[in-house]
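Input: a single structure, listed below in structure tokens.
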Amino acid sequence: MLSLVLSTPIQAGEPLRIGVLDYLGSDHSLSHWAPTQQALRTALPDHDVTLEALGIHALDAALTEGRLDFVITNPGNYADLEFHHHISRIATIDGDLPVASTLVGTGQMTTLRELAGKRLAIVDPDAFGGFQLIWAEMQAVDPRLPAQVELVVTGYPMQGAAEAVLDGRADAAVLRGCMLETLKASDPDRFGTLTAFALDDSASQDAGCLLSSPVYPGWPFAKTPGTSPELAKQVAVALLQMTDGNLWTVPLDYQPVHDLMRGLQIGPYARTGPVSLRDFIADYRDWLIVLGVALMFWALYSVRIETLVRRRTRALDEANAQLKQEMIDRQRAEAADRQHRRELEHVARLSILGEMASSIAHELNQPLSAISNYAQGCLLRIQAGRFSEADMVKASEEMAGQAERAATVVKRIRAFVRKRESQMGPVDMGALIEESAAIYAASANRAGVTVDVFVAENLPTVMADRVQVQQVILNLVQNAIDAMTDTDPKARSLEIRSARYDDLSRGAGICLSVRDHGHGMSPEAMDHFAEAFYTTKPEGIGLGLALSRSIVEAHGGWMRAEAPERGPGLRVLIWLPVKEET
């Protein structure tokens with residue numbers, strides 16, 4: 001009898017996928033965790049236990065896709081995956097390589113501050129032992145230090161960071177604790193020149209290798225949210241029962257890892273929303289202190305500047321008020337000086353007329369006597385009945401002429417002595433000299449002085465006050481007449497000349513000179529010419545020439561005296577600028 005034996009096919013075990021963080025190459029990772037894989041296969045024969053070596057970012061992607069049941073990774077990566085994928089640790093490796101970092105290079109380093117301005121090779125910014133532990137140490141030394149270090153990211157595997165130093169692409173590198181010793185043992189020719197910087201002596205003694213950071217809790221074995229609690233329990237028991245290869249213990253406290261990540265504001269503690277005021281102050285405390293100090297100094301400086309400005313403004317206001325008062329006082333003084341000068345000029349004119357009074361009286365007496373004689377003669381002829389119309393016409397014409405002569409003298413004297421404000425206008429010097437003759441002629445005739453006048457033709461006019469210039473002429477003529485009192489009567493002559501004269505420094509003008517044949521002036525007296533209150537006359541007061549000089553200078557001219565080229569006497573010259581053509 002043929003019996004047919006039916007047998008069921010051998011079914012494969014249920015897959016159990018474990019993701020392992022790969023930091024030194026997949027071969028190293030798979031071989032390192034092979035004892036754990038074998039222990040789980042023995043304890044769970046119904047499961048197909050497989051290991052998959054993945055980098056940090058690949059491990060995150062695998063969890064996102066739900067392809068893993070368990071994860072073996074470093075503490076920093078676990079904290080990040082716990083937050084984002086809700087994995088939970090069920091065991092912690094015991095007796096494995098320490099979770100720490102080692103700075104390596106080809107030189108010597110005694111402090112992390114020496115990294116400032118240098119290139120630092122790291123495997124990845126998210127690597128816990130490969131960067132974040134050293135980052136925390138730099139932050140603790142100086143918050144500004146990380147920004148002063150240039151990072152050179154080499155990627156996995158981690159020995160690429162050490163090779164960057166050997167190739168000259170970096171000055172130092174960050175490796176996982178005790179990894180340098182492993183590299184030197186595997187390839188002493190390649191990595192033998194590298195030196196570890198032991199910046200944490202106590203941790204180095206405990207670990208048995210040179211470390212640059214404190215040691216943190218070991219790698220955790222964590223379950224994913226999709227793994228059943230029963231399976232996780234079986235796995236945990238199997239791990240804790242291992243006595244060879246990888247040794248596991250109960251989950252440790254990972255608070256130091258969280259404190260580090262919170263301080264660096266990475267992983268679960270990375271800022272993704274609005275920054276609070278407290279965080280802002282904590283982040284920029286040094287800058288805020290600098291800004292506060294700068295603002296304080298700026299405020300103090302502003303207060304000081306404001307105070308100085310107010311003081312300066314007050315001082316300027318006081319100086320301005322004082323200046324205004326000085327200007328008012330000066331204007332008053334100038335007005336008083338002008339008034340005093342007008343008074344002096346008027347007195348001087350009266351003094352000149354006083355000196356000429358007898359001569360003027362004689363000059364006026366002649367036409368008045370002539371008028372009286374003509375009038376009496378007409379009266380006698382009328383009484384005697386011996387007159388004709390022609391005789392009366394002639395007598396009337398003579399009387400009218402003599403009256404006009406007297407009226408002209410009186411009119412010019414009155415205009416000369418009248419008080420008035422200065423009136424500038426064009427003046428014809430020839431006509432002015434001729435008008436002045438009506439006043440000085442009587443005095444010259446009485447003293448027996450011959451006056452010769454020489455006026456050049458086609459003289460331009462000068463801008464001047466007519467009366468003031470006439471006063472100067474009369475004063476010079478009277479002084480010249482007085483200077484010839486002791487001169488021989490035959491030699492008493494006076495020359496008045498007016499001609500164009502261009503001054504080299506002042507331009508075009510007219511020069512008027514009065515030359516006498518008197519006793520002249522001594523050199524000592526010449527030094528004091530036209531000086532106020534200095535006079536050579538026994539009865540003079542020394543104001544005539546001083547006033548004349550001030551009048552000439554006020555018109556923009558000059559006045560000086562000189563000895564004639566030939567003969568005795570004195571020549572006085574005055575120069576006035578001509579009227580500008582418009």
Side-chain angles (χ1 to χ4, degrees), residues 101 103 105 107-122 125 131-153 170-172 174 197 199-200 212-214 256 258-340 553-554 556:
S101 294
L103 274 174
Q108 295 294 329
M109 182 181 298
T110 58
T111 174
L112 288 174
R113 294 183 185 275
E114 298 178 34
L115 288 174
K118 295 184 178 180
R119 297 166 298 172
L120 180 64
I122 63 173
F131 172 61
Q132 293 174 351
L133 294 184
I134 294 299
W135 179 11
E137 293 303 307
M138 290 192 295
Q139 187 84 5
V141 170
D142 185 353
R144 297 170 297 178
L145 180 58
Q148 300 172 1
V149 178
E150 180 184 352
L151 299 180
V152 179
V153 180
D171 301 303
V174 182
F197 305 140
L199 304 178
D200 194 322
S212 303
S213 74
H258 287 275
D259 293 340
L260 180 144
M261 301 183 81
R262 184 183 295 108
L264 296 178
Q265 297 179 353
I266 58 177
Y269 306 98
R271 293 177 182 172
T272 57
V275 180
S276 66
L277 179 60
R278 177 179 298 179
D279 292 337
F280 178 81
I281 294 176
D283 290 344
Y284 300 99
R285 180 182 59 185
D286 294 342
W287 287 106
L288 292 175
I289 292 174
V290 172
L291 179 60
V293 173
L295 289 175
M296 181 182 67
F297 277 105
W298 177 80
L300 293 176
Y301 178 77
S302 298
V303 171
R304 174 171 174 77
I305 292 299
E306 181 67 21
T307 302
L308 293 176
V309 168
R310 289 182 179 179
R311 290 179 182 175
R312 185 60 176 169
T313 302
R314 185 164 55 251
L316 289 175
D317 290 340
E318 293 175 357
N320 189 38
Q322 183 177 0
L323 181 60
K324 288 181 178 179
Q325 185 60 41
E326 290 178 356
M327 292 177 63
I328 293 173
D329 295 341
R330 182 175 180 179
Q331 290 173 354
R332 291 176 179 174
E334 290 177 351
D337 181 66
R338 287 194 298 270
Q339 180 64 26
H340 181 63
E553 291 177 351

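Note that the coordinates shown come from a computational prediction; the quantities given were computed from them, not determined experimentally.
With values rounded to the nearest 0.5 angstrom, L323 atom CG is found 10.0 Å from I328 atom CD1. Summarising the geometry, atom CE belonging to M327 is positioned 5.5 Å from atom CD belonging to Q331; distances are rounded to the nearest 0.5 Å. Atoms CE and CZ, from M138 and F131 in turn, are 5.5 Å apart once rounded to the nearest 0.5 Å. Expressed to the nearest 0.5 Å, how far CG of L112 lies from CZ of F197 amounts to 10.5 Å. Taking CG from N320 and CD from E318, the interatomic distance works out to 11.0 Å, rounded to the nearest 0.5 Å. Interatomic distance, CE of M261 versus CD of Q132, reported as 5.5 Å (0.5 Å rounding).
Using a 4.5 Å cut-off on side-chain heavy atoms (C-beta onward), V174 and L103 make contact. Side-chain contact between M109 and L115 is present, with heavy atoms from C-beta onward closer than 4.5 Å. No side-chain heavy atom of I122 sits under 4.5 Å from any side-chain heavy atom of W135. For the pair R311 and T307, the minimum side-chain heavy-atom distance is below 4.5 Å. Counting heavy atoms from C-beta outward, E137 and L133 have side chains that stay 4.5 Å or more apart.
Summarising the geometry of A136 relative to L264, their closest heavy-atom pair is CA-CD2, 3.9 Å, with the distance given to 0.1 Å.
Counted within 6.0 Å of CZ on R262, heavy atoms from surrounding residues, nucleotides or ligands total more than 12; the atom is thus considered enclosed.
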Carefully, step by step, assess L308 and R304 under the rule side-chain contact (heavy atoms from CB on, under 4.5 Å). CA-CA 6 Å; L308 293 176; R304 174 171 174 77; 4.0 Å; yes
Output, in order, the C-alpha distance, side-chain angles, deciding distance and verdict of side-chain contact (heavy atoms from CB on, under 4.5 Å) for E114 and T111. CA-CA 6 Å; E114 298 178 34; T111 174; 3.4 Å; yes
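Salt bridge absent: D317 and R314 never bring a charged side-chain N and a carboxylate O closer than 4.0 Å.
S213 places a side-chain N or O within 3.5 Å of a backbone atom of S101 that can act as its donor or acceptor partner.
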